[in-house]
Amino acid sequence: MSGVILKGRKIERCPMCGYDKFYLDEERGELICMRCGYVVEESMIDYGREWRIFEDESSSRELIRAGKPVSYSKVDLGLTTSFGRGSDFSKLSPKDREKFAELQRWQQILTSSSERNLKHAIRELNRLSSIFNLSEVIKEEASKLYRQAVEKNLVRGRSVENVVAACIYIASRIHGLPLTLNEIAEVSGLSKKEIGKTFRYLYKQLRLKVPPATARDYIYKFGNQLGLSQKTISKALELLSEAEKQGLTSGKGPTGVAAACLYIASLLTGEKKTQGQVAEVARVTEVTIRNRYKELVSKLGLEEKLRKLESLE
DNA sequence: AAGACGAAAGTGGTTGA
DNA sequence: TCAACAACTTTCGTCTT
């Protein structure tokens with residue numbers, strides 16, 4: 001569907017990617033972008049805390065405009081203070097002048113090195129963003145996080161690349177489009193382990209509270225990457241709900257669960273994908289899919305259904 | 001030849017004494 | 001802080017289509 005009325009507001013385009021087709025998960029009451037899988041409703045209201053997406057109540061044309069207060073992706077927010085040569089400079093004693101001059105020198109050194117650092121970070125951020133095709137919103141979030149990390153001196157001892165990667169990981173989760181650590185590791189050329197470590201460190205030190213990525217998020221994402229139809233994706237979501245009810249998902253890796261649900265759904269709807277194909281986009285091994293698959297099929301009583309489908313060709 | 005299956009051994013993270 | 005533990009991976013051999 002396209003052009004949706006949601007809670008009295010008209011939504012024409014996905015605020016994430018600009019696509020105009022949506023998918024409605026009726027059970028959850030969630031509205032999902034069909035291209036990028038962004039959950040238009042929930043996430044927007046729950047986590048969009050820095051700026052309001054629905055800024056203008058009266059105008060129906062301008063509903064989807066994010067009023068960004070400042071661009072965090074710029075090196076200088078325009079707020080830098082400097083030790084200037086004020087008119088009072090001449091009143092200082094020679095000793096104080098000396099001190100003052102020293103402070104000026106220090107400031108130059110500090111700002112130029114931290115700016116270099118920041119430029120480096122922003123270059124890396126832009127590089128990864130364009131590879132992942134990240135929206136501006138996520139980019140901004142990531143740079144905001146990076147700045148916070150710098151302010152709290154959390155970058156010391158860690159590479160800029162790692163911190164940027166971790167920020168992107170967090171930002172993508174905040175906005176409901178979780179990248180996996182595996183994906184980021186592949187693209188950035190860093191190890192999953194290091195990024196994970198940096199992520200946990202930042203997460204703690206910045207006192208973030210981001211809900212963990214759910215299998216649901218990944219089903220949308222992987223489903224789209226696999227080119228599966230809405231029908232199959234819905235089926236996978238149904239399977240997931242069932243599995244959750246029976247407590248088959250707690251403690252399991254969400255990507256593995258999502259992968260298995262999609263695999264089974266693809267068998268049930270005849271839109272078959274191989275374990276290998278699913279494993280590839282989900283960045284898990286076939287073995288993991290098989291383990292989840294076995295559990296799900298036996299506990300959800302799907303054996304005969306699958307057997308019937310098999311004999312049917 | 002490709003896909004599915006599973007055993008065995010190893011890795012890294014979590015948890016609880 | 002250390003050991004036990006579960007989830008997941010890697011590797012590899014086997015079976016089916």
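Everything quoted here is computed from the prediction, not taken from an experiment. Numbers restart at 1 for each chain; the letters A, B, ... are given by sequence-line order, proteins then strands.
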Take the protein atom [atom1] of [X] and the nucleotide atom [atom2] of [N], then report the distance between them rounded to whole Å.
{"X": "A:K252", "N": "C:dC8", "atom1": "NZ", "atom2": "P", "value": "7 Å"}
{"X": "A:E295", "N": "C:dA6", "atom1": "CD", "atom2": "P", "value": "13 Å"}
{"X": "A:Q277", "N": "B:dA2", "atom1": "CD", "atom2": "P", "value": "13 Å"}

So that I can tick it off, tell me whether [Y] and [X] are bridged by a salt bridge, with the cut-off set at under 4.0 angstrom between side-chain N and carboxylate O.
{"X": "A:R123", "Y": "A:E161", "value": "no"}
{"X": "A:E304", "Y": "A:R307", "value": "no"}
{"X": "A:E194", "Y": "A:R158", "value": "no"}

For a quick check of understanding: with a heavy-atom distance under 4.0 Å over all strands, which category does A:G256 fall into, base, sugar-phosphate or nothing?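 Nothing, no heavy atom under 4.0 Å.
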Measuring from [X]:[atom1] to [Y]:[atom2], what's the distance to the nearest 0.5 Å?
{"X": "A:I170", "Y": "A:I168", "atom1": "CD1", "atom2": "CD1", "value": "11.0 Å"}
{"X": "A:K235", "Y": "A:L267", "atom1": "NZ", "atom2": "CG", "value": "12.0 Å"}
{"X": "A:T214", "Y": "A:L240", "atom1": "OG1", "atom2": "CG", "value": "7.5 Å"}

When every nucleotide of nucleotides 4-17 of chain B is labelled 5' to 3' by its protein contacts under 4.0 Å (heavy atoms), B for base, S for sugar-phosphate only, - for none, what sequence of letters results? SBB------S----
Under the side-chain hydrogen bond (donor to acceptor under 3.5 Å, both in side chains) test, which residues partner A:N291, sequence neighbours left out?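 Counting only residues at least two positions away or on another chain, A:N291 forms no side-chain hydrogen bond (donor to acceptor under 3.5 Å, both in side chains).
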Please determine whether side chain to side chain donor-acceptor pair (under 3.5 Å) holds for the pair A:E271 and A:S229, giving the CA-CA distance in whole Å, both sets of side-chain angles, and the decisive distance to 0.1 Å. CA-CA 8 Å; A:E271 216 178 323; A:S229 67; 2.7 Å; yes
DNA chain C: stems of at least 3 consecutive Watson-Crick or G-U pairs whose donor-acceptor distances fall under 3.5 Å: B:1-11 with C:7-17, B:13-17 with C:1-5
